[in-house]
Amino acid sequence: MTSATFYGVLNGVILFSYWLLIASITVRVLIKRRTVSSSMVWLLIIFFLPLLGVIAYIAFGELYLGRRRAERARSMWPATAQWLQDLKSCQHIFANQTSDVASSLFRLCENRQGIPGVKGNQLQLLTSASDVMTALIRDIHLAHHTIEMVFYIWQPGGKSDHVANALISAARRGVTCRVLLDCAGSRQFFKSVWPERMRHAGIEVVQALPVNVFRFFLRRLDLRQHRKIVLIDNAIAYTGSMNMVDPRFFKQDAGVGQWVDLMARMEGPVATTLGIVYSCDWEIETGERVLPPLPERVSMPFEQSSGHTIHVIASGPGFPEDLIHQALLTAIYAARESLIMTTPYFVPSDDLLHAICTAALRGVEVSLIVPKNNDSLLVGWASRAFFTELLDAGVNIYLFQDDLLHTKSVLIDGQLSLVGTVNLDMRSLWLNFEITLVIDDADFGHDLDCVQRDYIARSTLLSRETWLHRAYWKRIVERLFYFLSPLL
């Protein structure tokens, strides 16, 4: 065979392999169950940027944990299902009544997660990082048995160091302490002296979903552990939007000011339902099973027949698929009088956008509060591509002026609240490990309403006339980033 023939055959093989790769990825895009808009975006990227598009799709196009974590997720569910079945025997913790606005959502959560909402809880809204850390440090000092934490970001500096020192003191006096932190979000923490100090004191510190370029094609790297949970003695729990950071020292070079967050401190059986979520996360990452004990009657020092009724919704690989998205849709369609939403990142699905606009069109007073300045350039521009449709439907859009509003909350008719880590964007709805509380209680709703009204007072109402007269180049940029919205 001559060299010309050899190179001709080689070129043919390379060309055939190249087109075979493109065709196989195209087939995978088409057969995967996803939104039409998301599929179209991926196909356009693959066809216009073939090699880069294929690499991007393999890395970010499909949801997979990696073989080892996927096996752990499968193996843990029989024990988890049995634990949930045993929990049902604790009938005293379950609510048998809900308000009209909450009834559909609570039935959805019960049918998909296997247990009703729990009652007899005490809740406290904490709206400043200083208050959160002060309360948390106090509870850590009073802990007797266990302290378990999971955070997306833990950044050293300020009061977060005080929390770390309190944990070290607790571990040294015999309290079992486990800390699970996302590898990407907490990279500065893992580069600091704190992991070694904690481990030396006996604290188990684990990196969740480590970022490893050598496993680029073996696990989706942008799948992140985004939950924020603290559990103490199976009786006290915290969750909300705040990472373990002191806002005075966090992202001060981003030009958006300090982050504004909200956390809920809870006492009661809801700590147990949050505990099973933590147990699953810990086992997926470490292979160690740490199922929480079943709650006893002494864990309900509050009203047996009332108290704040709560459902805990968890998302992510291994948890009920699409449940948080379904919960949001169900809650919004249940609104009759008012709907107030706060989120730093607003890139909704078509269904979610339609539900919000429909609520406004049928007479519900709908308010969306988002930060004027965003730390994510892509999301900041993409979110604005939805404003015209929202304004046309009669939605009030408030641009928060003071710092970066990071609170994720939804309030329906002053009665039904959703508070947690879930942004109104594609990543939170379908990708990351997230947590949200569904709370059916008018008193808590009143407290949340006060917080949201304070946000509105610190915001500027976006008028339709002002929006329609924005610069033409901004409209072009918005549409460009809107094109990428199914991937954000």
Side-chain angles (χ1 to χ4, degrees), residues 65-66 68-69 71-73 75-76 79-80 83 133 136-156 159-212 219 223-239 242-245 271-293 314 316-318 421 433 435:
L65 273 172
R68 183 175 61 181
R69 289 180 179 82
E71 289 176 352
R72 288 173 179 167
S75 65
M76 77 183 181
T80 303
W83 185 91
M133 293 189 184
L136 181 57
I137 290 169
R138 181 190 66 236
D139 289 335
I140 290 173
H141 285 318
L142 295 174
H144 296 291
H145 307 294
T146 58
I147 302 171
E148 297 167 315
M149 295 184 174
V150 55
F151 282 99
Y152 174 58
I153 301 173
W154 187 317
Q155 179 168 301
K159 278 204 165 185
S160 64
D161 290 351
H162 299 172
V163 174
N165 282 322
L167 271 178
I168 289 172
S169 296
R172 285 174 174 165
R173 69 173 186 268
V175 177
T176 299
C177 299
R178 303 183 185 94
V179 178
L180 180 65
L181 303 176
D182 184 82
C183 175
S186 300
R187 57 186 178 277
Q188 292 189 23
F189 174 85
F190 287 110
K191 292 178 180 178
S192 72
V193 299
W194 286 107
E196 183 60 29
R197 287 182 182 176
M198 289 183 175
R199 289 169 179 147
H200 183 72
I203 301 171
E204 295 184 72
V205 182
V206 174
Q207 294 189 56
L209 304 169
V211 176
N212 188 336
R219 181 177 64 77
L223 167 61
R224 304 317 317 164
Q225 173 54 269
H226 196 243
R227 300 197 230 277
K228 293 93 176 169
I229 300 173
V230 178
L231 299 166
I232 298 174
D233 290 341
N234 199 44
I236 298 173
Y238 292 75
T239 194
M242 197 185 96
N243 292 288
M244 184 50 64
V245 301
T272 298
T273 53
L274 277 164
I276 192 61
V277 176
Y278 185 90
S279 170
C280 292
D281 288 346
W282 186 263
E283 185 167 349
I284 286 175
E285 202 57 50
T286 68
E288 180 186 4
R289 185 161 296 163
V290 289
L291 292 171
T421 68
F433 290 89
I435 195 81

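Quick caveat, the model's predicted, so the values are computed rather than measured.
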Counting distance only, does the side-chain N/O of [X] pair as donor-acceptor with the main-chain N or O of [Y] below 3.5 Å?
X: Glu148; Y: Val150; answer: no
X: Asp233; Y: Thr146; answer: yes
X: Arg187; Y: Ala184; answer: yes
X: Ser279; Y: Gly275; answer: no
X: Ser186; Y: Leu181; answer: no
X: Thr239; Y: Lys228; answer: yes
X: Asp139; Y: Ile236; answer: no

Item to check | Met76 and Arg289: CA distance, side-chain angles, deciding distance, side-chain contact (heavy atoms from CB on, under 4.5 Å) verdict | outcome: CA-CA 8 Å; Met76 77 183 181; Arg289 185 161 296 163; 4.1 Å; yes

Checklist entry - Hey, is CD on Gln188 packed in by over 12 heavy atoms from elsewhere, all under 6.0 Å? => result no

So do [Y] and [X] actually touch side chain to side chain, heavy atoms under 4.5 Å?
X: Phe189; Y: Ser160; value: no
X: Leu136; Y: Met244; value: yes
X: Leu180; Y: Trp282; value: yes
X: Glu204; Y: Glu288; value: yes
X: Ile276; Y: Pro292; value: yes
X: Leu209; Y: Cys183; value: no
X: Val163; Y: Ile137; value: yes
X: Arg178; Y: Val290; value: yes

Gap between atom [atom2] of [Y] and atom [atom1] of [X] - 0.5 Å precision:
X: Ile232; Y: Tyr238; atom1: CD1; atom2: OH; answer: 5.5 Å
X: Leu167; Y: Cys177; atom1: CG; atom2: SG; answer: 5.5 Å
X: Met149; Y: Ile203; atom1: CE; atom2: CD1; answer: 8.5 Å

Item to check | Check: Asp281/Gln225 side-chain N/O donor and acceptor closer than 3.5 Å | outcome: yes

Checklist entry - Regarding Trp194 and Asp161, is there a side-chain donor-to-acceptor distance under 3.5 Å anywhere? => result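 Distance-only check passes for Trp194 and Asp161.
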
Next on the checklist: For Val205 and Arg197: C-alpha separation, side-chain torsions, deciding distance, then whether side-chain contact (heavy atoms from CB on, under 4.5 Å) applies.
Outcome noted: CA-CA 10 Å; Val205 182; Arg197 287 182 182 176; over 6 Å; no

Checklist entry - When you check the gap from the basic side-chain N to the acidic O, do Arg72 and Glu283 get nearer than 4.0 Å? => result no

Next on the checklist: Under 6.0 Å between ring centres: does that hold for His226 and Tyr152?
Outcome noted: yes

